[in-house]
*Asks:* 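The following block contains the structure, expressed as structure tokens.
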Protein chains: 2
Amino acid sequence: MVRRQARATSFDVAALAGVSQPVVSRAFTPNSRIAPETRERVLEAARKLNYVPNSIASSLTTKRTNIVALILGNLANPFYVHVLHAFSKRMQAEGRQLLVFTVDPGADSDEAILHVLKYQVDGVILTAAQLSTRMISICHDRGIPIVLFNRYIPGSDASGVRCDNAGGGRLIAEAFLAAGAKTFAMITGDPKGTTSQDRARGFVERLLEEGIKRSDIIEVEGQSSYEGAASAALSIFKDKSRPKPDALFGINDIMAMGAIDALRSRLGLSIPNDLMVGSFDDIPEARRAPYQLTTVRQPIDRMVEETLSILHLDEPDLPIERGIDRPIQGRLIWRNTIPVPPAYRFEKTDESGS
Amino acid sequence: MVRRQARATSFDVAALAGVSQPVVSRAFTPNSRIAPETRERVLEAARKLNYVPNSIASSLTTKRTNIVALILGNLANPFYVHVLHAFSKRMQAEGRQLLVFTVDPGADSDEAILHVLKYQVDGVILTAAQLSTRMISICHDRGIPIVLFNRYIPGSDASGVRCDNAGGGRLIAEAFLAAGAKTFAMITGDPKGTTSQDRARGFVERLLEEGIKRSDIIEVEGQSSYEGAASAALSIFKDKSRPKPDALFGINDIMAMGAIDALRSRLGLSIPNDLMVGSFDDIPEARRAPYQLTTVRQPIDRMVEETLSILHLDEPDLPIERGIDRPIQGRLIWRNTIPVPPAYRFEKTDESGS
DNA sequence: TCTCGTCGTGAATGCGTATTCATTGTTTGC
DNA sequence: GCAAACAATGAATACGCATTCACGACGAGA
């Protein structure tokens, strides 16, 4: 047997059911004018032939593929795995498909976008990856909406959904201050990523407001990975020229985990006694026994909803929404990496729900 | 501005370049009969118009979409995230796209397959999910090759690639024996999954060969998740009616991690002093400081290559390979959750490479 | 009874590309 | 120098479906 076997077409089904081809098309289209008994006869014939409508062919006329592209920049961060999962479930529930691209961290997504365009996707979701403004306008010109997830591109009119990263950074700073921290350190991620920048900025801003000197805030770049954060953390404590910090802000959970593991295993530090740690994301891994991270929860579900509302895949004729920026408030989840100050004690809750 | 803006077609490009439409098609097809200077002129025109060939339309005639479906059953297990990543990189390098479906653990993939069929994908890769033999034969009848990744379906002629799970289970048993373990426990995963079954079977078989009594091997099901394994592990040690095991086989790394975290934090156990732990997969997380798992490494890269060779996407006219079973040897990676017996000491290596 | 609307259906057409085949213009072989 | 092979191109068509339009059947209202 050879591949490329004849697959039944709507004509085959039509012939078997004793109707014309358009009737088959209508039988598979909800709310179309067709007699119920005719539809049943067609569906019966289709079943016999194992007929499945060819979406590729129908896309050609409808100009809708029901495919949405998801461009992922950093699968090593579990946060984006959860984002993928959330979008996947949501899309499948709506009968849409997800075309997934992975882009090496640091690389731009322009090439991925070109592939995307070939497939006439209905929309593009971009997470944790760079993209040129030229590509954005090409997408827009072709009528393809694009949403930046947790990221924005200065100088472009692309819409985006994100957590209020600066605000979240401030929350961590505040928690540290309330817990009595005096000297601070911060492990940042991708310097080109606005997410990391904003969190760091909010964090520093809040500390400066409180009269902390900039020189008392150590900043190290951690390559946006568990391993990068581990070595960054060690470098902080090996630098004899600076005072040891008593609070460490990991720019996201996975990096905080890397830092904690390194500091515990290599330097024997105890968290939060020797060093308090705060981070960002609240991935499910953050609540595991060895970490119990006090962290800012990103409300993934709401961010997904906002993303879909901007894409408005159901109303393709509406104009593309441009320049939208929907920052969504994060929420501090108190666990065990920052001692809970008395004033916050009642807040120490770790239930679910965003 | 409204969506559904006119996208340039090959006719538009042809007109601008002063050629006919087929020439545009040829300009974008490697190794086709076209004068180099003509091609250049066409590409120039295409550039001006931001023309991108419409893959949907071309699929209609070529019957090739360059889309491969990847059905994922359990994203909560990082192993499958790495599998996704490996396939994604590989496919993109070949200019193919990945249509990703996630299926709830335990649910079957039949519905996902139906969507897949609509999109005329060139192949299907199924990981960690159930699938009926009926769906497999439908795919085969339509000429769509399907490969089961780390899974097989008894009674079907679907091809598969997998780690030698039984053999790997034996490796762990052997390591325990060499380290002097006497009583054993095992936390299994999805009882419907052949992966978990085979690992458990190999493990038990090897122990029985060595004269261990079946009653000295505790078996608990852990829902195939970190959390499930955590509570399963606790249940083992709370059961006063049985002797405490001194060796625990976690059917995969993520479950072993769950068990370790629970036993350490709730029962204060020390690994490997109070309990040695072996597992399977060797996900990157397994080498993190708190775990340092001794585990059987699945050679993902080789498994991906084998998968692609079975799909033989480049030779669609060859018959589909059926009933292939390619078990690939795993390799035991010694780390710190099983004391390394003297005879194995030279093996304690943790470099990369499968 | 006649007309008008409604409903269900079929014939014809278009979507954007690849492919086949025929037609040129050009080169090779003898 | 002429037939023959060849390279480059264009006209026509097919791919599988959705959509438009026209047509007949039928029932309601007059």
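A, B, ... follow the sequence lines: proteins, then strands. Residue 1 opens every chain. Model, not experiment: these values are computed from the prediction.
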*Asks:* Report the nucleotide, chosen from D:dA11, D:dA8, C:dG10, that has the shortest atom-to-atom distance to any side-chain atom of B:Pro22.
*Replies:*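 Selected nucleotide (nearest to the side chain): D:dA11.
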*Asks:* Using a cut-off of 4.0 Å on non-hydrogen atoms, how would the nucleic acid contact of B:Ser59 be classed: base, sugar-phosphate, or nothing?
*Replies:*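 No contact at all - B:Ser59 keeps every heavy atom at 4.0 Å or more from the nucleic acid.
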*Asks:* Phosphate oxygens OP1/OP2 of C:dG16: is one of them under 4.0 Å from a side-chain N or O of B:Thr9?
*Replies:*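 Checking B:Thr9 against C:dG16: no side-chain N or O falls below 4.0 Å of OP1 or OP2.
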*Asks:* When you compare the side chains of A:Asp190 and A:Ser224, does any donor N or O come within less than 3.5 Å of an acceptor on the partner?
*Replies:* no
*Asks:* Is the phosphate of C:dA18, meaning OP1 or OP2, less than 4.0 Å from a side-chain N or O of B:Thr62?
*Replies:* no
*Asks:* In whole angstrom, give the distance that lies between atom CG of A:Asn54 and atom C1' of C:dG16.
*Replies:*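 Distance check: A:Asn54 CG to C:dG16 C1' gives 14 Å.
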*Asks:* Does B:Tyr119 make a side-chain N or O approach to OP1 or OP2 of D:dG16 shorter than 4.0 Å?
*Replies:* no
*Asks:* Can a side-chain donor-acceptor contact be found between A:Ser58 and A:Arg64 if the only test is distance below 3.5 angstrom?
*Replies:* no
*Asks:* Is the backbone of B:Ile34 close enough, under 3.5 Å, to the side chain of B:Thr38 for a donor and an acceptor to pair up by distance?
*Replies:*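 No; judged by distance alone, with no hydrogens or angles, the pair does not exist.
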*Asks:* Indicate, with a heavy-atom threshold strictly under 4.0 Å, whether A:Thr38 touches base, sugar-phosphate, or nothing.
*Replies:*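 Sugar-phosphate contact only.
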*Asks:* Please give me the minimum heavy-atom distance between A:Arg142 and B:Asn50, naming the atom from each residue.
*Replies:* NH2-O, 3.3 Å
*Asks:* Indicate, yes or no, whether a donor-acceptor pair under 3.5 Å links the base of C:dA18 to the side chain of B:Gln21.
*Replies:* yes
*Asks:* Whole angstroms only, please: what is the CD1-C1' distance between B:Ile34 and D:dC6?
*Replies:* 17 Å
*Asks:* Whole angstroms only, please: what is the CD-P distance between B:Gln120 and D:dG16?
*Replies:* 9 Å
*Asks:* Mind checking if A:Val24 touches a base, just sugar-phosphate, or nothing, with heavy atoms under 4.0 Å?
*Replies:*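 Answer is nothing: A:Val24 stays at 4.0 Å or more from every strand.
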*Asks:* Rounded off to whole Å, could you give me the CZ-to-C1' distance for the B:Phe11 and C:dG16 pair?
*Replies:*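 These atoms are roughly 8 Å apart.
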*Asks:* Remember a base hit wins even if backbone is also touched, and classify B:Ser58 as base, sugar-phosphate or nothing at under 4.0 Å, heavy atoms.
*Replies:*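 Sugar-phosphate, no base atom in range.
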*Asks:* B:Lys63 side chain N/O closer than 4.0 Å to the phosphate oxygens (OP1, OP2) of C:dA18?
*Replies:*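 Result: no.
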*Asks:* So, A:Ser88 and A:Gln92: side-chain donor and acceptor under 3.5 Å apart, yes or no?
*Replies:*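 Yes - a donor-acceptor pair under 3.5 Å links their side chains.
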*Asks:* Would you state whether a donor and an acceptor, one from the side chain of B:Arg26 and one from the base of D:dG10, lie under 3.5 Å apart?
*Replies:* yes
*Asks:* Atom CG of A:Leu117 and atom C1' of C:dG16: how far apart are they, to the nearest Å?
*Replies:*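 Roughly 16 Å, once rounded to whole Å.
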*Asks:* By nearest nucleotide on DNA chain C, pick out whichever of A:Gly18 and B:Ser55 is the more 5' one.
*Replies:*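 Whichever sits nearer the 5' end wins; that is A:Gly18.
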*Asks:* Can you label the angle between the A:His115 ring and the A:Phe101 ring as parallel, tilted or perpendicular, going by 30° and 60°?
*Replies:*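 Correct class here is parallel.
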*Asks:* Across the strands shown, which category fits B:Phe28 at heavy-atom distances under 4.0 angstrom: base, sugar-phosphate, nothing?
*Replies:* nothing
*Asks:* Can you check the B:Ile56 CD1 to C:dG14 P distance for me, whole Å?
*Replies:* 22 Å
*Asks:* Does a side-chain N or O of A:Thr61 approach OP1 or OP2 of C:dG14 to a distance below 4.0 Å, or not?
*Replies:* no
*Asks:* Starting the side chain at C-beta, find the nucleotide from C:dG16, D:dG10, D:dC17 nearest to B:Ala57.
*Replies:*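 Given the options C:dG16, D:dG10, D:dC17, the side chain of B:Ala57 is closest to C:dG16.
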*Asks:* Round to a whole Å and report the spacing from NZ of A:Lys118 to P of C:dT17.
*Replies:*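 Going from A:Lys118 (NZ) to C:dT17 (P), I get 12 Å.
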*Asks:* What's the closest nucleotide to the side chain of B:Leu60 if the choices are C:dT17, C:dT9, D:dG16?
*Replies:* D:dG16
*Asks:* From the options D:dC17, D:dA8, D:dG16, select the nucleotide whose nearest atom is closest to the side chain of B:Arg33.
*Replies:* D:dA8
*Asks:* Figure out the CG/C1' separation between B:Asn66 and C:dA18, and round it to whole Å.
*Replies:* 14 Å
*Asks:* Output the single nucleotide from C:dG16, D:dT19, C:dT9 whose closest atom is nearest the side chain of A:Val23.
*Replies:*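 Side chain of A:Val23 sits closest to C:dT9.
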